[in-house]
Amino acid sequence: MAVLLAVLTPVAASAEGRIKAVATFSILGDLVRQVGGERVAVTSLVGPDADAHSFSPAPEDARQLAGADIVFVNGLGFEGWIERLIRASGTRAPVVVASQDAKTIAGSRDHDDHGHDHGATDDHADPHAWQSVANAKLYVAAIRDGLSRIDGTHTALYAENARAYCEKLDALDAEIRETIRGIPEARRRIITNHDSFGYYTDAYGLRFIAPQGVSTESEAGPKDVARIIRQIRQQKIPAVFLESIADPRLMQQIARESGAKLGGKVFSDALSGADGPAPDYIAMMRANLRAFREALG
């Protein structure tokens, strides 16, 4: 991502006494809320159940950036539209790349085969780094540091919020590992819409197979679908999952023609609404874990 971290200088709080933060998508917005607490008012450009891959910014989004005290982006090319939007907005807010210290993995071969453009990255890293809880903790650290640099009088508050939240993330990580260990190794294989769970595989050992690459903007062709169906049958892959941001028809077809169980909805790139099963990051990870366990255990 070519957006550089701006020099982080102290800012005055808004009239309401809160820092105005803009996050690019709902999962990142929740992490900012966890660290900022009541001190920070957070707006997410791409909201719950919405797809950041196909997001098309509107004039209101530029106005949100123009009025922000600080902007948080995922980086790793995830938001292919953000650099243009930042330039168009004229914002002077510092931009914090939340993934700046994340432990990245390479994007799948499908990334190149299907011609996706997540932005210019030197190593073509998979941008979905938050699917590893260990990386989510590194996001939290970057958020803490960014807020502290522009609002130094509340450094202790941000540090304590980050520390307490990371304790919850440690418990979540242990829960995921224990649950996956309880799934027979031969059944730890899943089909999902697009390749957004590479970090989950790397961290926890579930293998995800996708007929699309790392972007939901690509279309899986008939040969891709036929290949996936053959693979399901040959390897006896037990379940197919629908992602909340994707058109369900492709996965329904694959489940129907392969005989695999349709395992329900999982959340990859966006939270659910407040009344859904994944209104925040920890709830999202637990909702996915329940779905995996019920279909595979």
Side-chain angles (χ1 to χ4, degrees), residues 3-50 52 55 57-75 78-79 81-83 85-101 130 136-169 270-276 278-284:
V3 169
L4 298 177
L5 276 170
V7 175
L8 295 178
T9 55
V11 299
S14 66
E16 298 80 14
R18 304 170 77 191
I19 297 296
K20 292 182 179 178
V22 173
T24 48
F25 67 116
S26 59
I27 295 170
L28 182 57
D30 177 62
L31 297 180
V32 177
R33 287 187 190 92
Q34 300 299 331
V35 178
E38 293 300 319
R39 176 66 183 156
V40 178
V42 183
T43 299
S44 297
L45 297 179
V46 184
D49 291 318
F55 179 67
E60 175 59 25
D61 300 307
R63 287 191 288 270
Q64 293 283 359
L65 286 182
D69 296 317
I70 189 167
V71 177
F72 293 94
V73 304
N74 182 75
F78 180 66
E79 308 98 334
W81 38 267
I82 190 60
E83 293 185 43
L85 181 60
I86 287 173
R87 287 195 298 269
S89 74
T91 185
R92 299 179 64 85
V95 178
V96 176
V97 180
S99 68
Q100 60 193 26
D101 294 321
W130 63 85
K137 291 176 64 178
L138 296 173
Y139 279 41
V140 167
I143 293 165
R144 175 201 63 204
D145 293 348
L147 290 173
S148 296
R149 287 173 188 153
I150 67 163
D151 187 27
T153 58
H154 292 85
T155 294
L157 171 67
Y158 300 135
E160 174 56 24
N161 288 349
R163 183 203 61 77
Y165 188 60
C166 282
E167 285 188 357
K168 296 179 181 179
L169 292 179
L271 302 176
S272 71
D275 57 349
D280 58 60
Y281 174 77
I282 289 177
M284 179 192 80

Self-check item: Sub-4.5 Å side-chain heavy-atom contact between S272 and P279
Solution: yes
Quiz item: What distance separates R144 CZ from R149 CZ, expressed to the nearest 0.5 Å?
Solution: 9.5 Å
Quiz item: For the residue pair V97 and N74, what are the closest heavy atoms and their distance?
Solution: CG1-O, 3.6 Å
Quiz item: Residues two or more places apart in sequence or in another chain: which of them pass side-chain contact (heavy atoms from CB on, under 4.5 Å) with T24?
Solution: L28, V73, E79, W81, I82
Quiz item: With no hydrogens and no angle check, is any side-chain donor or acceptor of R33 less than 3.5 Å from a backbone partner on V40?
Solution: no
Exercise. With the side chain counted from C-beta on, respond yes when L45 and Q64 share a heavy-atom pair under 4.5 Å apart, and no when they do not.
Key: yes
Quiz item: Is D69 reaching over with its side chain to a backbone N or O of I19, donor-acceptor style, under 3.5 angstrom?
Solution: no
Exercise. Could you walk me through whether Q34 and N161 pass side chain to side chain contact (heavy atoms under 4.5 Å, CB included), step by step?
Key: CA-CA 7 Å; Q34 300 299 331; N161 288 349; over 6 Å; no
Quiz prompt | Y158 side chain near I143 side chain, heavy-atom distance below 4.5 Å | solution = no
Self-check item: With R87 via salt bridge (charged side-chain N to carboxylate O under 4.0 Å, His left out) - residues at least two apart
Solution: none
Self-check item: Point-to-point distance, once rounded to the nearest 0.5 Å, from CD of E60 to OG1 of T43
Solution: 9.0 Å
Quiz item: Are a donor atom and an acceptor atom from the side chains of Y139 and D101 found within less than 3.5 Å of each other?
Solution: no
Practice problem: Can you sort out the partners of F25 under ring-ring contact (aromatic ring centres under 6.0 Å, His included), two or more places apart, ordered by chain and number? | Solution: F78, W130
Quiz item: Considering all heavy atoms of both residues, which atom of S89 and which atom of A62 are nearest to each other, and what is their separation?
Solution: CB-O, 3.3 Å
Quiz prompt | Side-chain donor/acceptor of S44 to backbone N/O of V46, under 3.5 Å | solution = no
Quiz prompt | Where R39 and G17 come nearest, the two heavy atoms and their spacing | solution = NH1-O, 2.6 Å
Self-check item: Flag, side chain of D61 to backbone of A58, donor-acceptor distance under 3.5 Å
Solution: yes
Quiz item: Of the non-hydrogen atoms in A142 and A98, which two are nearest, and what is the gap between them?
Solution: CB-O, 3.7 Å
Practice problem: Report yes if the side chains of P94 and V71 come closer than 4.5 Å at any heavy-atom pair, otherwise no. | Solution: no
Practice problem: Name all residues meeting the side-chain hydrogen bond (donor to acceptor under 3.5 Å, both in side chains) criterion together with D280; count only those two or more places apart in sequence or in a different chain, and write none if there are none. | Solution: none
Quiz item: Taking the side chain as C-beta and beyond, is there a heavy-atom pair between Y165 and V140 under 4.5 Å?
Solution: yes
Exercise. Applying salt bridge (charged side-chain N to carboxylate O under 4.0 Å, His left out), name anything that partners E38, two or more places apart in sequence or on another chain.
Key: none
Self-check item: Residue list, side-chain hydrogen bond (donor to acceptor under 3.5 Å, both in side chains) with S26, at least two apart or on another chain
Solution: none
